[in-house]
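Note sheet for the following structure.
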Protein chains: 2
Amino acid sequence: MGNDEFLKLDNQLCFVLYACSRGLIRTYRPLLADLDITYPQYLVMLVLWEQDGVSVKALGDRLFLDSGTLTPLLKRMASSGLIARKRSATDERRVNIFLTAKGKALKQRAYAVPQTLLCHSGLTAEAFMGLKSDLESLLARIRTFDPEKDVCAGVSAAPSSRKQS
Amino acid sequence: MGNDEFLKLDNQLCFVLYACSRGLIRTYRPLLADLDITYPQYLVMLVLWEQDGVSVKALGDRLFLDSGTLTPLLKRMASSGLIARKRSATDERRVNIFLTAKGKALKQRAYAVPQTLLCHSGLTAEAFMGLKSDLESLLARIRTFDPEKDVCAGVSAAPSSRKQS
DNA sequence: CATTATTTAATTGTGCACAACTATTAATTG
DNA sequence: CAATTAATAGTTGTGCACAATTAAATAATG
């Protein structure tokens with residue numbers, strides 16, 4: 001009976017994380033609409049403003065997105081004139097992404113975005129940093145988790161069914 | 001120049017939230033695949049296991065999803081035999097969602113999911129509760145934010161351009 | 001009671017996410 | 001150097017998200 005507690009929606013960390021993520025992105029939406037970009041496109045711009053000319057692969061590693069997501073997204077950004085996609089001369093497999101003048105210029109209008117968001121979040125700088133740090137730890141943990149040596153496999157099974165190596 | 005710090009990817013709370021949310025859902029995926037459901041479908045099941053027969057509207061209020069997302073999702077769940085969609089007799093606008101026998105039975109196999117996830121997250125019960133609580137506060141704040149009385153509007157503009165009522 | 005406004009779901013269209021697969025190029029190895 | 005393997009993008013197909021619109025039913029109002 002006490003097991004039912006674990007299945008209640010309000011006891012799910014993942015749900016509040018999922019709801020928070022979508023809620024924050026919803027808060028960004030009108031600000032980014034002024035810049036004519038979506039939230040994932042904004043993330044691509046953040047990477048490019050730090051380092052122009054990165055490959056699709058490097059972008060994917062940074063944003064945890066694969067080519068199935070990035071290829072069409074980058075094509076949309078190219079057709080709206082923010083970036084240019086250029087096949088690498090030294091490695092023909094690579095496609096490098098470069099900011100256009102329009103893409104570089106957009107940065108000026110983006111400076112206001114993070115500060116407006118911080119204000120909307122109602123967080124102090126300390127709370128902001130603390131929460132970000134906690135989430136970074138969680139992210140690192142779930143991304144390095146190795147299913148091969150899964151300590152959790154039998155965690156909710158009957159004790160007798162646990163397989164010890 | 002110091003403004004550039006605010007536009008760095010690694011300084012974005014929303015990005016780590018977005019990455020964490022997708023990372024956790026990725027961790028759920030193989031477990032839920034065993035139950036033949038996706039993560040959003042799992043959330044619907046959590047609501048229905050708590051309260052059978054809710055309307056699409058009530059589901060949407062609970063999960064922060066609209067009919068554009070829920071209608072096709074619920075149709076898929078109906079065709080896979082987990083739920084039944086029934087037009088309400090007392091209010092013909094409403095569609096109420098009921099668990100089938102198969103849907104009710106699935107709960108037994110779902111008990112293991114939250115505990116496996118908790119283990120994968122590597123969080124203590126205290127850290128889990130603390131993080132969930134912090135995210136709930138943030139969610140409440142951004143969901144009740146009223147753009148009409150936006151204190152943040154001029155937050156990054158020049159001080160002289162601030163409009164006081 | 002007829003009209004208007006509101007509520008509720010469904011529909012349409014766009015843009016992600018991601019798994020599975022293909023094609024091309026580069027690196028490795030016998 | 002030829003054959004194999006690995007790396008990189010692209011393609012295809014499915015399932016969300018969400019804005020905007022439509023349609024139907026109910027509630028509110030003059």
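So that the names make sense, note that chain A is the first sequence line, chain B the second, and so on, each numbered from 1.
Proximity of Arg85(B) to the phosphate of dA10(C): a side-chain N or O atom is located under 4.0 Å from OP1 or OP2. The side chain of Thr69(A) places no N or O atom within less than 4.0 Å of a non-bridging phosphate oxygen (OP1 or OP2) of dA17(C). Contact annotation: Arg22(B) reaches the phosphate of dC18(C) (side-chain N/O to OP1 or OP2, under 4.0 Å). Ser55(A) has a side-chain polar atom (N or O) that falls below the 4.0 Å cut-off from OP1 or OP2 of dA9(D). In terms of phosphate contacts, Arg76(A) brings a side-chain nitrogen or oxygen within less than 4.0 Å of OP1 or OP2 of dC16(C). Side-chain N/O atoms of Tyr18(B) include none lying less than 4.0 angstrom from OP1 or OP2 on dC16(C). Residue Tyr39(A) places no side-chain N or O under 4.0 Å from the OP1 or OP2 atom of dG15(C). Between Lys75(A) and dG15(C) there is no side-chain polar atom (N or O) within less than 4.0 angstrom of OP1 or OP2. Between Lys57(A) and the phosphate of dT25(C), there is no side-chain N or O to OP1/OP2 separation shorter than 4.0 Å.
Atom CZ in Arg29(B) sits roughly 11 Å away from atom C1' in dC16(D) (whole-Å rounding). Between Ile25(A) atom CD1 and dG15(C) atom P the separation is 16 Å, expressed in whole Å. Following rounding to the nearest Å, Leu65(A) (CG) and dC16(C) (P) show an atom-to-atom distance of 10 Å. Look at CD1 on Ile37(B): it is 15 Å from C1' on dC16(D), rounded to the nearest Å. To the nearest angstrom, P of dA7(D) lies 12 Å from CG of Asp61(A). If you measure from atom CZ of Arg87(A) to atom P of dT8(D), you get 13 Å, rounded to the nearest angstrom. Protein atom CG of Leu59(B) is 15 Å distant from nucleotide atom C1' of dA10(C), rounded to whole Å. At whole-Å resolution of the value, CG in Leu74(B) and P in dA17(D) are 13 Å apart.
Cation-pi geometry between Arg22(B) and Tyr18(B) is met: under 6.0 angstrom from the ring centre, within 45 degrees of the axis. Relative to the ring axis of Tyr28(B), Arg26(B) does not place its NZ or CZ within 45° and under 6.0 Å from the centre.
Residues Cys20(A) and Leu135(B) come closest through the heavy atom pair SG-O, 3.3 Å. Nearest heavy-atom pair, Met77(A) versus Met45(A), reported as atom, atom and distance to 0.1 Å: CE-SD, 3.4 Å. The two atoms that bring Ile97(B) and Asp52(B) nearest to each other are O-OD1, 3.6 Å, heavy atoms only.
When each of Leu17(B), Leu13(B), Val16(B) is tested with Leu131(A) by the rule side chain to side chain contact (heavy atoms under 4.5 Å, CB included), just one qualifies, namely Leu13(B).
In a base pair of the Watson-Crick type (N1 to N3 plus N6-O4 or O6-N4) or a G-U wobble (N1-O2 and O6-N3), with each distance short of 3.5 Å, dG30(C) is matched with dC1(D).
For the pair Gly23(A) and Asn96(A), nearest-nucleotide mapping onto DNA chain D gives the more 5' position to Asn96(A).
For Val95(B), taking side-chain heavy atoms from C-beta onward, the closest of the listed nucleotides dA10(C), dA17(C), dG10(D) is dA10(C).
Between Phe6(A) and Tyr111(B), the gap from one ring centroid to the other reaches at least 6.0 Å.
There is a path of hydrophobic side-chain contacts, each under 4.5 Å, that joins Leu118(B) to Phe15(A).
Within the nucleic acid shown, Thr38(A) comes within 4.0 Å of sugar-phosphate atoms alone, with no base atom in reach, counting heavy atoms only.
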For nucleotides 20-27 of chain D, give me one character per nucleotide, 5' to 3': B if any protein heavy atom sits under 4.0 Å from the base, S if the only such contacts are to the sugar-phosphate, - if neither.
-----BS-
